[in-house]
Amino acid sequence: MKKLQQQLLDWFQENARELPWRKTYTPYHVWISEIMLQQTQMDRVVDYFNRWISRFPDLKSIAGACEQDVLKLWEGLGYYSRARNIIKSANILVAEYCGKLPADHNQLLKLPGIGKYTAGAIMSIAFNKEYPLVDANIERVFARLFNLAQPVKDKKTSAFIWRKAGDLLPYGKAREFNQALMELGALVCIAKNPRCKICPIKTDCQAFSFDLVAKRPVLNAPAKTIFIEMATGILEQNGRILIQKRKPKGVWANLWEFPGGRLEAGETPEMALVREYLEETELAVGNLKKITTVKHSYTIYRVTLHCYFCSLMDGRLEPVLHGAQEYRWVKPEELSDFALPAGHRKLVDHLQNEMGLFM
DNA sequence: TAACCGTGGGC
DNA sequence: TGCCCAAGGTT
């Protein structure tokens with residue numbers, strides 16, 4: 001084995017964080033952790049992972065699981081299609097693979113939610129097979145190690161990084177080596193203020209030798225942020241609150257929310273709320289009382305969410321849905337049973353913490 | 001293929 | 001505080 005690989009393996013041996021899925025490397029645990037870790041940082045995943053394993057201890061227990069239970073467990077983690085795809089994959093695995101993850105790269109790639117990275121991660125981390133993987137950490141590490149001047153997302157650059165990840169992989173050490181590269185990227189070769197002084201492979205790092213570490217990796221221009229304002233209303237009647245289940249496609253698919261929507265040009269939040277209630281539910285609401293303003297963000301949007309209490313005016317008493325697939329009148333304390341988008345969950349938290357309402 | 005799909009923490 | 005970012009996949 002070459003010096004570079006050995007230095008990385010030694011460093012990982014000493015510095016690897018203790019993580020719940022690093023104890024036994026049970027394939028099911030590795031799979032769930034890798035899905036949760038997609039576009040999500042380690043520190044945020046650990047609690048979700050532990051709760052997941054408590055609730056769904058093995059693959060068979062997730063097959064046939066209720067989607068609402070799974071989404072509730074996933075609430076706040078984002079990219080909810082990941083959770084739905086776990087259920088789909090588990091059902092396929094129970095029906096066609098004896099309820100076990102196959103140690104087969106091509107078969108893994110056919111499962112929903114598993115792409116090139118995750119297939120490589122399961123093959124190497126769960127089964128210790130010689131398959132490379134490339135994530136944002138490894139892109140950054142290699143962009144510096146090989147001083148890559150082209151954007152790492154470019155097709156040729158990406159192909160180069162994947163090839164290098166395979167070339168460097170030491171036989172019999174795929175599990176440790178792939179994790180070592182990612183761990184180095186997460187703890188040492190970080191995006192801002194990298195800790196080059198303590199890097200175990202700095203003598204091999206071309207960007208370090210040219211003093212170009214701060215200029216690597218070269219990234220594409222980020223999508224432009226869009227600032228929007230939205231209004232939402234908690235409609236209470238006879239002690240119950242109206243919530244609706246979002247449509248099965250698009251953002252926050254199958255999650256529950258209070259009706260509302262985006263302000264149009266020239267509208268006040270109050271005008272937008274009344275209009276959105278009419279459009280989405282055919283209900284006429286009024287008597288608006290401002291609760292709070294919640295700031296949250298998703299994808300490229302930065303949202304200011306104006307939150308109100310409202311009540312039913314003359315007219316229809318039950319909604320006719322145009323923006324959702326289902327509705328319910330729930331007691332305030334039942335809201336904790338439903339998976340809400342983060343902005344709406346922040347509103348419920350505000351009512352509970354700042355206004356002392358039991359929810 | 002480029003757009004879509006969330007979120008909270010770090011600085 | 002505003003901005004940047006993260007163990008990607010799907011369509």
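Chain letters run A, B, ... following the sequence lines, proteins first, then strands; residues in each count from 1.
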Which is true for [X] with a 4.0 Å heavy-atom rule: it touches a base, it touches only sugar-phosphate, or it touches nothing?
{"X": "A/E183", "answer": "base"}
{"X": "A/K346", "answer": "sugar-phosphate"}
{"X": "A/G250", "answer": "sugar-phosphate"}
{"X": "A/L255", "answer": "nothing"}
{"X": "A/R246", "answer": "nothing"}

Kindly assign one of parallel, tilted or perpendicular to the pair A/H344 and A/F258, based on the angle between their ring planes and the thresholds 30° and 60°. parallel

Parallel, tilted or perpendicular, judged at 30° and 60°: which one describes the rings of A/F142 and A/F146? perpendicular

Donor-acceptor contact below 3.5 Å, side chain A/S61 vs main chain A/L59: no

Please check this pair: side chain of A/R17 against backbone of A/M42, looking for a donor-acceptor N/O pair closer than 3.5 Å. no

Residues forming a side chain to side chain contact (heavy atoms under 4.5 Å, CB included) with A/P112, sequence neighbours excluded: A/N85, A/K88, A/S89, A/I92

What is the 5' to 3' range of DNA chain B, first to last nucleotide, that sits under 4.0 Å from any heavy atom of chain A? B/dT1 to B/dG8

List for me each residue that meets salt bridge (charged side-chain N to carboxylate O under 4.0 Å, His left out) alongside A/E264, sequence neighbours excluded, and say none if there are none. A/R275

Residue set satisfying salt bridge (charged side-chain N to carboxylate O under 4.0 Å, His left out) with A/K129, at least two apart, ordered chain then number -> none

Do [X] and [Y] get their side chains close enough for a donor-acceptor pair, meaning under 3.5 Å?
{"X": "A/H322", "Y": "A/E279", "answer": "no"}
{"X": "A/Q38", "Y": "A/Y117", "answer": "no"}
{"X": "A/D337", "Y": "A/Q68", "answer": "no"}
{"X": "A/W256", "Y": "A/E326", "answer": "no"}

Residues of residues 23-49 of chain A with a heavy atom under 4.0 Å from any atom of DNA chain B, listed by number, are A/Q39, A/T40, A/Q41, A/R44

Phosphate OP1/OP2 of C/dA7: any A/T118 side-chain N/O under 4.0 Å: no

Short of 4.0 Å, heavy atom to strand atom, which residues of residues 136-147 of chain A count as contacting DNA chain C? A/A136, A/N137, A/R140

On DNA chain B, more 5' by nearest nucleotide between A/I190 and A/Y298 is A/Y298

Between A/G343 and A/N193, who's closer to the 5' end of DNA chain B by nearest nucleotide? A/G343

On DNA chain C, nearest-nucleotide positions of A/P112 versus A/R22: which is more 5'? A/R22

